[in-house]
Protein chains: 2
Amino acid sequence: MKRKITLKQIARELDVSISTVSKALRNSAEISDDTKQKVQAFAKLYNYKPNNIALSLKNRRTNTIGIIIPEIVHHFFSKVISGVELVANKRGYNVIVGLSNESFSKEVINMEMLANGSIDGFVLSMSKETLKLQDYHHFNETMTQGMPIVMFDRVVSDVNCDKVIVDDFNGAKKAVRKLIDNGCQSIALITTEDYVSVGKLRTQGYLEALEEHGIIPKAELILKIDESLDYEAHMEALESEIEHLFKSNPNLDGVFAVNEIYALLAMKIARRLGHDVPNDVQVIGFTDGVLSKHATPSLTTVSQHAQQMGEKAAELLIDKLEKEFNSADEVFQTVVITTDLVERESTK
Amino acid sequence: MKRKITLKQIARELDVSISTVSKALRNSAEISDDTKQKVQAFAKLYNYKPNNIALSLKNRRTNTIGIIIPEIVHHFFSKVISGVELVANKRGYNVIVGLSNESFSKEVINMEMLANGSIDGFVLSMSKETLKLQDYHHFNETMTQGMPIVMFDRVVSDVNCDKVIVDDFNGAKKAVRKLIDNGCQSIALITTEDYVSVGKLRTQGYLEALEEHGIIPKAELILKIDESLDYEAHMEALESEIEHLFKSNPNLDGVFAVNEIYALLAMKIARRLGHDVPNDVQVIGFTDGVLSKHATPSLTTVSQHAQQMGEKAAELLIDKLEKEFNSADEVFQTVVITTDLVERESTK
DNA sequence: GAAAGTCACGAAAACGTTTTCGTGTTAAAA
DNA sequence: TTTTAACACGAAAACGTTTTCGTGACTTTC
């Protein structure tokens with residue numbers, strides 16, 4: 001149970017000053033070769049490593065970035081973390097995670113905890129509750145204290161910061177176009193309430209693709225799910241809504257869903273009702289996760305490139321951290337990650 | 001861009017000493033009510049929050065726990081994190097994550113980075129490479145430096161620390177028993193190489209369940225997958241192996257797989273070959289993740305209670321951190337989380 | 001009216017670094 | 001021999017806290 005060795009202990013042991021030890025280890029020209037050798041050998045022997053906390057205090061930077069997400073048990077978000085971690089590590093940073101659990105207050109508390117010196121900047125995606133309340137004061141306060149924020153996926157124009165988003169609008173459009181090109185005439189949309197920015201954009205993409213082809217959108221083909229509750233809780237309600245969708249629209253031949261779960265559920269129910277996928281009904285989802293790939297039939301999806309989003313977000317943040325901030329010409333950028341349509345078995 | 005306010009600045013502004021400010025904020029009896037009021041009001045106005053790094057340095061504890069896992073884009077591990085985060089936050093700790101990516105050297109490097117003061121203790125699951133190399137020096141060194149470790153899931157008896165494991169042996173046994181009870185006569189096992197401790201235990205459970213019922217295990221029914229590569233890379237090879245398994249054992253009527261992916265693949269291939277699940281072939285997997293739940297037919301699995309594992313691991317760690325360590329009677333415990341069989345549509 | 005006690009506050013050390021500046025010793029230059 | 005320069009090292013401050021100890025000014029007690 002011997003504590004980690006410190007400069008002070010090395011100094012005492014070798015009968016030199018702390019400064020000398022520090023300089024010797026950093027190969028300063030001020031120190032004689034003899035002393036350097038001696039100190040470095042001793043340090044190596046005792047496996048000396050500088051204390052990160054002391055360094056952080058001294059340098060006023062922690063080389064750690066904080067990431068706040070609504071939920072970690074979620075393919076998209078964990079893949080983003082994976083991307084952030086990748087470039088963070090490559091550039092000498094650690095990653096500390098906070099989960100908001102889709103709750104506004106947890107988001108605020110978590111950010112406050114981390115903002116008090118623990119990290120240098122944030123990569124985050126807002127909770128649904130925050131989006132609903134439209135209360136962004138904690139973001140702005142954090143930023144005025146000189147701590148940069150990069151938002152991804154769920155963003156909002158009221159907050160002025162770097163952003164990484166997916167091209168939700170065009171992704172959805174591409175998907176619906178595909179369905180139309182494949183011969184679908186009656187295409188349903190399963191989406192979220194509009195306060196979720198990404199849901200709204202995907203809905204717009206759906207509408208525009210229809211319009212483009214002269215198809216008039218019908219209200220009864222659009223199902224908006226209230227996601228205040230989490231998936232698990234209202235799975236059955238969800239199922240029956242989708243079932244109703246199919247039953248009241250017997251000639252439904254295409255479904256575009258704004259996430260994997262909805263799409264899979266649609267496939268399941270379609271088949272239960274005797275429709276074949278993809279011959280009777282074609283289905284496309286959003287978010288290219290494990291579910292899409294391993295489903296039977298596997299699901300055609302719009303790929304969000306989550307990992308790439310994480311990497312880009314981390315790069316934006318670290319770039320900002322390492323730029324000598326001539327705070328005057330602060331300029332924020334929004335990076336758009338283009339989506340790809342990954343075609344699998346659920347479409348023809 | 002105004003920096004966060006410090007005690008020193010408050011002191012200067014109010015023309016008192018730093019000590020007075022500190023005491024006033026902590027409501028010390030040494031300070032007059034007048035001064036307290038004044039200081040507290042000022043601190044509130046400027047939203048003073050003590051700097052975590054300074055506190056960490058002073059207290060020699062960071063109130064942060066490090067978690068090292070092989071892979072985050074994985075339902076099981078992200079759920080464990082979720083559990084760790086839950087109790088960590090509840091008890092006033094932050095969580096910092098490191099990914100080993102199943103690599104020994106990344107595991108070592110990541111642990112060294114965090115061990116230099118950034119965290120108070122580890123929750124971790126070893127990489128496959130570490131298990132293969134059987135090199136555990138980094139764990140032991142970390143612990144002799146007074147930094148506790150709690151291992152979960154992938155553990156090894158050569159390392160003396162607290163552990164949280166799943167009852168792999170009995171979980172597997174229960175599953176195979178279930179298949180036998182359901183009338184299966186010829187049950188295949190799809191597992192990993194033996195160096196993965198959990199794979200080995202689950203294999204033993206399979207064998208014992210068979211033996212219990214007087215069934216003699218046949219080598220050609222056991223498929224051991226070399227997982228050195230990751231899933232994605234050798235998916236096709238895997239598929240053809242499983243296909244061969246079915247073809248060379250035409251009367252196969254049950255499959256037990258040590259994870260979800262293998263189980264799903266088995267179902268897919270079985271159906272492709274014209275077998276009905278569950279009427280011709282029944283399938284059970286391990287790891288109760290999203291895939292099992294959303295598959296069609298949904299998969300019967302052995303649930304590992306990942307979140308509960310994370311919670312328990314965090315509790316063990318924090319308990320140890322907060323106990324005044326009478327280092328003499330250091331005692332390590334191994335908590336076994338019991339598994340449940342979650343019955344779904346892939347069994348009768 | 002002196003001794004003792006209370007009150008309210010400040011000085012300083014400590015946590016582990018890095019870095020600036022000062023200083024004593026020796027060697028080179030004048 | 002004296003001045004200067006180079007060399008090798010140490011003292012101290014700083015990062016932002018908390019906490020121990022000391023101290024001056026009053027107030028109480030006999």
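Below, read A as the first sequence line, B as the second, and so on, with proteins coming before strands; counting in each chain starts at 1.
Put simply, R26(A) has no side-chain N or O that comes within less than 4.0 Å of OP1 or OP2 on dT17(C). Proximity of T35(A) to the phosphate of dC9(D): a side-chain N or O atom is located under 4.0 Å from OP1 or OP2. Close to dT18(C), at under 4.0 Å from its OP1 or OP2, lies a side-chain N or O of S22(A). Side-chain nitrogen and oxygen atoms of K8(A) include at least one within less than 4.0 Å of the OP1 or OP2 phosphate oxygen of dC15(C).
Direction change of the helix axis from one end of the helix from dG1(C)-dC30(D) to dA30(C)-dT1(D) to the other is 70°, with five pairs defining each end axis (rounded to 10°).
Listed candidates were dA12(C), dG16(D), dT17(C). Nearest to the side chain of Y48(A) is dT17(C). For E30(B), counting side-chain heavy atoms from C-beta on, the closest listed nucleotide (dG16(D), dG22(D), dG10(D)) is dG22(D).
Of all the heavy atoms in N110(B) and L99(B), the pair that sits closest is ND2-O, 3.0 Å.
When the nearest nucleotides of DNA chain D are assigned to K23(B) and L55(B) by heavy-atom distance, the more 5′-ward of the two goes with L55(B).
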Test log, rule salt bridge (Lys or Arg N to Asp or Glu O under 4.0 Å), inputs E102(B) and R154(B): CA-CA 12 Å; E102(B) 302 286 11; R154(B) 300 188 194 158; 3.0 Å; yes

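Counted within 6.0 Å of CG on D15(B), heavy atoms from surrounding residues, nucleotides or ligands total 12 or fewer; the atom is thus considered open.
In this structure, the ring pair (Phe, Tyr, Trp, His ring centres under 6.0 Å) partners of F42(B), at least two apart in sequence or on a different chain, are Y46(B).
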